[in-house]
Amino acid sequence: MVEIELDGQKVEVAEGSMVMHAAEKAGTYIPHFCYHKKLSIAANCRMCLVEVEKAPKPMPACATPVTQGMIVRTKSDKAIAAQKSVMEFLLINHPLDCPICDQGGECQLQDLAVGYGGTTSRYEEEKRMVFHKEVGPLISMEEMSRCIHCTRCVRFGQEVAGAMELGMSHRGEHAEIETFLGQTIDSELSGNMIDICPVGALTSKPFRYHARTWELSRRKSVAAHDSSGANLIVQVKNNQVMRIVPLENEEVNECWIADRERFSYEALNGPDRLTRPMIKQGGEWKEVDWQTALEYVANGLKSIQRDHGANSIGALVSPHSTVEELSLAGALMRGLGSDNIDHRLRHAEFAAADGVRTLGTSIASLSTLQRVLVVGSNLRKDHPLFALRVRHAVRHGAQLNLITSPAAFSHDDAWAMPASQTLLGEASAWAQSLADVAAAIAADKGVSAPCAGTATPQAQAIAKSLLGGDRKAVLLGNAAAHAANASSLLALANWIAEQTGASVGYLTEAANTVGAQWVAAQPQTGGKNAAQMLAGGLKAAILLNTEPEFDSAAGAAAAQTLGQAEMVVTLSPFKANMAFSDVLLPIAPFTETSGSFVNAEGRLQSFHAVVKPLAETRPAWKVLRVLANLLDIPGVSFETSQEVLAHATAKPLEASNRTAANIDLSASTAAPAVASIYQLDSMVRRAPSLQLTADARQGVTA
C-alpha cells in the first residue's frame, strides 16, 4: 500500500493506483470526462488536471501513478485554473444547442461547464462541423459535432463488448469517431455506449425526442429477459415507459445491461397490446368484461374436468413469468387434480432433477475465473452480461474452452473473445466430446473414465487447461439444457468438474428459470411434460405468457396440436395465439405488476409495478387467484403478491446440479435452436427497433 496526502487528508491505496483512484477512495470528486472506472485509462480530455507538489505543471489525475508521500491538491488555485482552461478548450467547438439537445439535463459536460466554464468565449472563428453517421436502429449519431473525443465508446466496444466497432479517424480538428467503412453498430451491448457518452453525441434512437429527462419519474425494477437478473431503472412519463437504463449493482450487472433489456419496452406501447378480455364466438373475437371471461373459463374447465378427467387439462407456462404467477398457476392446476404443468418448453429431455439447477457459482465470480469450459451455448448472444464477465476474465489471462455447435461459433470473433480450444459439432456429438475430455483427464490422473472416450489432441488440450489454474467452471448453455441427452451432458460435466476442482452449473435460459423450478412449475407426480402436452391429448390448455409456436421445441406444430383442444386460454399482455385460442385474458407485463424473479445464481429479487396496468389489463397473479376461487380451489385467497411470494418460497431453494442419470453417448436429436436472440419472448419479439438489428435480420442461432 502507498500513502499519499490528498487535499490535506491521508489516503492509502494499492501500489500502481492512480491519483483518481485515491480521490475516489477519499470521496473527493475530480472533474473528468474520459475516465470511467470500468474502462482503461486514456487521459484524453485532461479535465482531471490536479496540482502535484514538486511537479512543474498540473498532472492528469487519471493517469498519474501514486508514489509514497505524494502531496496532491485537487482544489488549489493552480488546479482550478488548469481545469477551467481545459473547459474553455472543450467548449471552443462544442455547439451551443443545449435547449434542443436530447442529453440536456443529464449531460456531464453541461454540469461541469456550470462550475468550470466561463461566461463568455474568446473564440471567434467558426465552429467545426461533423456530419452525422447512420449506425443502425438503436444508436443515434446525428449530432457528432458534440463529440469531445473522450473515446469512452471506443474503449467500451474494445474492452467490454469485445468488438471494436467504433474508432477515431484523422487527427486534430479533423478527428471523428466513426464506424469502419460505414458499418453499423451491431453489438448486443451497444446501448451502454449511450450511457457512458458524457455529452449528447450518442443518444438512444428509439427514445430520441420523446421526453426530457426532468419530465421522467425513475423507478427500480429487474430485467425480465435476462437470467443475470440485471437491475434496472425504468423511466416513466404520463404512465408510459419511456426509457430503461441500468441500475448499478456490482454483484449482478455492474453498470451494464443488454440491448434486449434496454429497448424491449417499445412493445409495451405498441399496437399489439391486449387491453380487454376477448372470447372467440362463431370464429370471431369479441371483447367482454372480466367477470364474463373468467366465468366462461371456469365453467369450461369444470365441464372438461367432468367429461374427460383432470388429466386432460394442462398448463404451459413461460419461465419469464414471475415466481408469484408460476406458483399460482401450479396451485390452480393441482387444485383441479392435474399435474400437467411445465415451463421447459424448449427442452427435448425431461429427466427429474434432484434440486434446483443453477449457475453453480456467483455471477461476480465469472470475472475472476482462470479456466472455463462452456458446453452448448452461444454465450455472447444468449447471455451478454455473463459473456462480458467471462471476456474480462479472458483479458486477464483466463483460458476459455468451448464445446458447441458450428452455428454458435461460426467465425473466430463470433464470441468476441479468444478461445483456447474449440470442439465444434452438432448437439448429438457433445456428449462424445465431453467423454473424450473425460478420458484425457482420466489418463492424466490415472483414474477410471466414466464412459468410453478417446483422448484426442484437442480433448487433451482442454483437459490440460482444466487441470491447471485455481478458479474454474464448467458451464452448460441453453442448447445443452434443451438437448435430448441433457442428463448425460450434465453427468459428464459433473465428473469433469469433480476431477478438476471446477464448479458446474447452467447458464439458465430465462429471467426466472430457477424460480420456475423452485415453485415446481413442472410435473411432480407423473404429469405430462411440455413435449407430451404439445404432442396432443389435452382437451383444455392454459398458456401463461407464452406463444408455443415460437417458444417451444414443437414450433409450428404446436399451433395445429393446440387447435384440436376444446378450450385454449391464453394469458398474455399481447394479442397472442389468436389462431387457436378461445379466450384471451390481458395480463400485466413486468412493468405493470409487482413480482419476483430468481436469477441464474439463485438470487431472489422482487420489484414493484412502475406504471399502472394498461386499460383493462390485470396482474396475472390476481387473474389466476380469482380463477382459482371460481373453481373452488382452497388455499389461494391471497390479497397481495407479497403473500403469494411468502407462500411460494416457504420451502428453501435447494440448488443441486447433480444427476444420477446413466451416461448415454448415442447420437440423439436436440431440440431446435432459437432462431434469433430477439425472438426470445413475446415482448422482445414485438420491439420494433430490436427487430431491425443485424442479429434479428440474420437469425443468430442460440
**OP:** Please step through side-chain hydrogen bond (donor to acceptor under 3.5 Å, both in side chains) for the pair S594 and S641, ending with a clear verdict.
**Re:** CA-CA 7 Å; S594 57; S641 62; 2.7 Å; yes
**OP:** Would you please name every residue forming a side chain to side chain contact (heavy atoms under 4.5 Å, CB included) with A224, sequence neighbours left out?
**Re:** F590, F597
Keeping the roles fixed (side chain from [X], backbone from [Y]), state whether a donor-acceptor pair exists under 3.5 Å.
X    : Y    : result
T292 : V288 : no
E654 : V356 : no
E616 : D289 : no
Q305 : L336 : yes
D342 : A530 : yes
T649 : L645 : yes

Original post:
What salt bridge (charged side-chain N to carboxylate O under 4.0 Å, His left out) pairs are there with at least one residue in residues 591-601, not counting sequence neighbours?
Top reply: R273-E592, E601-R603
How about [X] and [Y]: does a side-chain donor come under 3.5 Å of a side-chain acceptor?
X    : Y    : value
T693 : D695 : no
E295 : Q291 : yes
T546 : D551 : yes
E349 : S487 : yes
D259 : S190 : yes
S227 : E509 : no

**OP:** Determine, for F638 and R625, whether the Lys NZ or Arg CZ falls below 6.0 Å from the six-membered ring centre while staying within 45 degrees of the axis.
**Re:** no
Min side-chain heavy-atom separation [X]-[Y] under 4.5 Å:
X    : Y    : result
I341 : Q522 : no
D681 : H225 : yes
P137 : F263 : no

Subject >> Contact summary for P246 and I257, nearest pair of heavy atoms >> reply: CB-CG2, 3.7 Å
Subject >> Audit row: T525, D339, side-chain hydrogen bond (donor to acceptor under 3.5 Å, both in side chains) steps and yes/no >> reply: CA-CA 7 Å; T525 57; D339 191 38; 3.3 Å; yes
Subject >> The single option from I542, I313, L544, V636 passing side-chain contact (heavy atoms from CB on, under 4.5 Å) against L332 >> reply: I542
Original post:
What pairs of residues pass the side-chain hydrogen bond (donor to acceptor under 3.5 Å, both in side chains) test when at least one of them lies in residues 568-589, not counting sequence neighbours?
Top reply: T570-N577, T570-S581
Original post:
Taking the six-membered ring for Trp, are H482 and H347 parallel (under 30°), tilted (30 to 60°) or perpendicular (over 60°)?
Top reply: tilted
**OP:** Determine, stepwise, if the pair E547 / R685 fulfils salt bridge (Lys or Arg N to Asp or Glu O under 4.0 Å).
**Re:** CA-CA 11 Å; E547 298 171 89; R685 281 193 289 271; 2.8 Å; yes
**OP:** Show your working on salt bridge (Lys or Arg N to Asp or Glu O under 4.0 Å) between E284 and K286 and close with a plain yes or no.
**Re:** CA-CA 6 Å; E284 293 186 3; K286 295 183 179 180; 5.7 Å; no
Subject >> From CA spacing to verdict: side-chain hydrogen bond (donor to acceptor under 3.5 Å, both in side chains), Q532, N340 >> reply: CA-CA 9 Å; Q532 291 168 334; N340 303 336; over 6 Å; no
